[in-house]
Amino acid sequence: MPARRSAQWYAGDVRNSYIHRAWMRRGLPADAFDGRPHIAIANTASDLTPCNSHLNEVARSVSDGIHAAGGIPLNLPVVSLGETLVRPTAMLWRNMAAMATEEMLRANPIDGVVLLGGCDKTIPALLMAAASVGLPAVVVPGGPMLTGTFRGAPLGCGTDVFKLSEEVRAGTLSTAEFQRSESSMIRSKGHCNTMGTASTMGLLAEVLGMTLPGLAGTPAPDSRLLEGAHATGRLIIEMVDAGRTPDAILTRGSFLNAIVALAAIGGSTNAVVHLLAIAGRLGVHLTQDDFDTVGAGVPLLVDLLPAGRFLMDDLYRAGGLHAVLAEVRDLLDPAALTVTGRPLVEYLDDAPVYDREVIRPRAEPLQPHAGIAVLRGNLAPDGAVIKPAAASPELLRHRGPAVVFDSIEDLHARLDDPDLDVTADSVLVLRGCGPKGYPGMPEVSNMPLPAKLLAAGVRDMVRICDGRMSGTAYGTVVLHVTPEAAAGGPLAKVRTGDMIILDVAARRLDVDIPAGELEAREPSPETVKAFAAPSRGWERLYVDTVGQANTGADLDFLLGASGDRVSRESH
Ligand code: FES
């Protein structure tokens with residue numbers, strides 16, 4: 001057997017190996033350093049990431065599995081991001097979490113890593129880190145929470161917050177009733193139970209081949225999660241011995257499989273930026289257009305909020321991810337491997353569906369075309385995305401006057417002004433929300449509707465933004481407009497009253513003004529004023545180096561990988 005990477009710290013009789021071993025002994029037997037694999041458990045458990053607060057329990061099961069297979073488990077707390085708390089937006093810190101995790105994996109004496117994530121940005125950040133280090137790596141998704149209920153009806157995290165708050169603004173729900181729902185929303189440990197970003201990325205981690213097959217989507221309180229965590233602990237030892245690294249698993253074929261699955265499950269638009277960023281770490285050729293061309297013909301099969309009715313617990317009960325994938329098996333790359341060394345499709349032979357309301361047959365989909373549509377035009381030369389499955393069909397072809405907001409604060413200040421010149425046909429345009437402009441590309445694209453239109457019964461309008469949208473949100477929202485306003489995109493030049501033309505079938509997003517006028521216009525002074533580059537710290541590094549949404553919004557110097565090279569010694 002070739003020498004372990006960790007042996008470069010522990011092997012030998014010299015002073016430095018003594019130092020490395022002695023400080024690590026702390027009850028470990030002497031043979032802990034004689035060639036047994038040392039496995040980091042990169043753990044995003046944090047009280048400030050409530051969706052991940054149970055991961056220490058999961059880590060113990062992983063640890064038991066590693067022990068049982070002869071390895072040495074090592075808990076490695078890494079940067080954690082609580083989606084609902086972290087300001088100004090968790091996305092600002094995704095790349096920092098990835099970079100810090102990458103560097104700590106590389107800097108320490110480890111031979112492989114088990115990645116524990118859940119809340120939205122945590123699994124993408126862990127996968128980006130693992131891809132750049134290249135050590136054997138496997139994800140344990142923390143799993144969704146159980147379904148909460150309010151007034152006898154299920155509550156979907158995020159989606160129902162948006163719905164209930166709109167009802168309050170429309171005057172059809174009292175504030176007291178709204179607040180009563182608060183303690184019912186989060187029923188158990190685990191991440192959001194809708195098909196939001198956390199659910200999407202947990203499931204896609206498995207489709208990419210990076211989890212124990214069958215584990216993703218297991219609810220957080222379900223004892224089968226701990227059983228799977230134990231099995232993952234055993235598996236990582238086998239992976240280390242086999243030298244099974246992420247580059248053998250995360251191929252273009254596995255990313256295309258993820259795009260098929262993203263459409264079939266009705267997953268979050270955030271998966272576009274996250275998958276592009278992970279692929280960018282591996283040098284895998286993947287473009288925003290792949291999401292349209294590969295996902296276009298894929299039907300929506302999973303009837304989950306926000307596109308449908310049910311929640312993640314129902315999906316698990318109905319047969320889970322494998323049952324969904326079995327329906328679209330012919331669209332999957334049969335060569336794409338999993339962490340076990342076997343192809344993903346081999347796990348789909350025995351994947352029955354137990355509830356056809358939740359997982360539809362291919363012949364009777366919820367929607368026939370569920371992919372992400374990529375739009376281009378004079379408003380988005382480098383692309384913008386829309387999730388037609390979450391949109392109002394009658395608005396997918398629309399022409400209406402722009403009502404422009406220069407920042408989220410501008411939106412909040414003026415949206416409910418009774419004098420705001422806006423109708424149901426207007427197109428709400430929000431800019432200054434891209435990676436550089438906000439900074440951090442927040443989930444604000446699904447901007448609320450003007451109160452006076454809500455009161456009149458309007459429930460959807462065309463909205464356009466250079467930011468992102470929560471995976472739990474819905475509506476006719478064009479997002480990830482690239483280039484963003486702060487990077488000189490034409491979005492910065494649109495004025496209130498300009499006619500906007502959206503044609504999703506033709507994949508177009510344009511502003512209807514005479515040729516040449518758009519180029520000749522200066523960006524809105526308010527947009528320029530709102531974009532004040534930070535002077536120091538992470539925000540400055542981020543704004544100076546972040547890429548646009550159409551390439552994953554990673555930092556330019558983090559693209560690619562540095563491998564698991566062992567650095568020089570300082571003792
Ligand atoms: Fe953590 Fe939704 S807030 S997954």
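Just so it is clear, the values below take in all heavy atoms, side chains as well, and ignore hydrogens, waters and symmetry mates. When a ligand or atom number is given, it counts from 1 through the structure's own listing order.
- Applying the 4.0 Å criterion to heavy atoms of E83 picks out, from ligand 1, the atoms 3 (S).
- Scanning all protein heavy atoms for the shortest distance to atom 2 (Fe) of ligand 1 gives C192 SG, 2.1 Å.
- A salt bridge links E103 with R106: the closest approach of a Lys/Arg side-chain nitrogen to an acidic carboxylate oxygen falls below 4.0 angstrom.
- The nearest N, O or S atom of H191 is not closer to atom 2 (Fe) of ligand 1 than 2.8 Å.
- Checking C157 against atom 1 (Fe) of ligand 1, every N/O/S atom stays at or beyond the 2.8 Å cut-off.
- For S80 and S46, the side-chain atoms include no donor-acceptor pair closer than 3.5 Å.
- Shown in contact with A198 at under 4.0 Å from a heavy atom are these atoms of ligand 1, numbered in order with element: 4 (S).
- Those atoms of ligand 1 with a heavy atom of C51 less than 4.0 angstrom away are 1 (Fe), 3 (S), 4 (S).
- Counting only heavy atoms of the protein, atom 4 (S) of ligand 1 lies nearest to D120 OD1, 3.2 Å.
- Between H322 and E206, the side chains place a donor N or O and an acceptor N or O closer than 3.5 Å (distance only, hydrogens not considered).
- Of all atoms in ligand 1, listed by their number and element, those nearer than 4.0 Å to a heavy atom of T84 are 3 (S).
- Remark: side-chain polar atoms of D460 are not paired, donor with acceptor, to backbone N or O of G475 under 3.5 angstrom.
- Using a 4.0 Å cut-off between charged nitrogen and carboxylate oxygen, R309 and D314 do not count as a salt-bridge pair.
- Look at C119 and atom 1 (Fe) of ligand 1: an N/O/S atom of the residue is under 2.8 Å from the metal.
- With respect to M239, the side-chain contact (heavy atoms from CB on, under 4.5 Å) criterion is satisfied by exactly one of V138, L135, I39, V113: V138.
- When only modelled atom types and interatomic distance are considered, T482 and N550 share no side-chain donor-acceptor pair under 3.5 Å.
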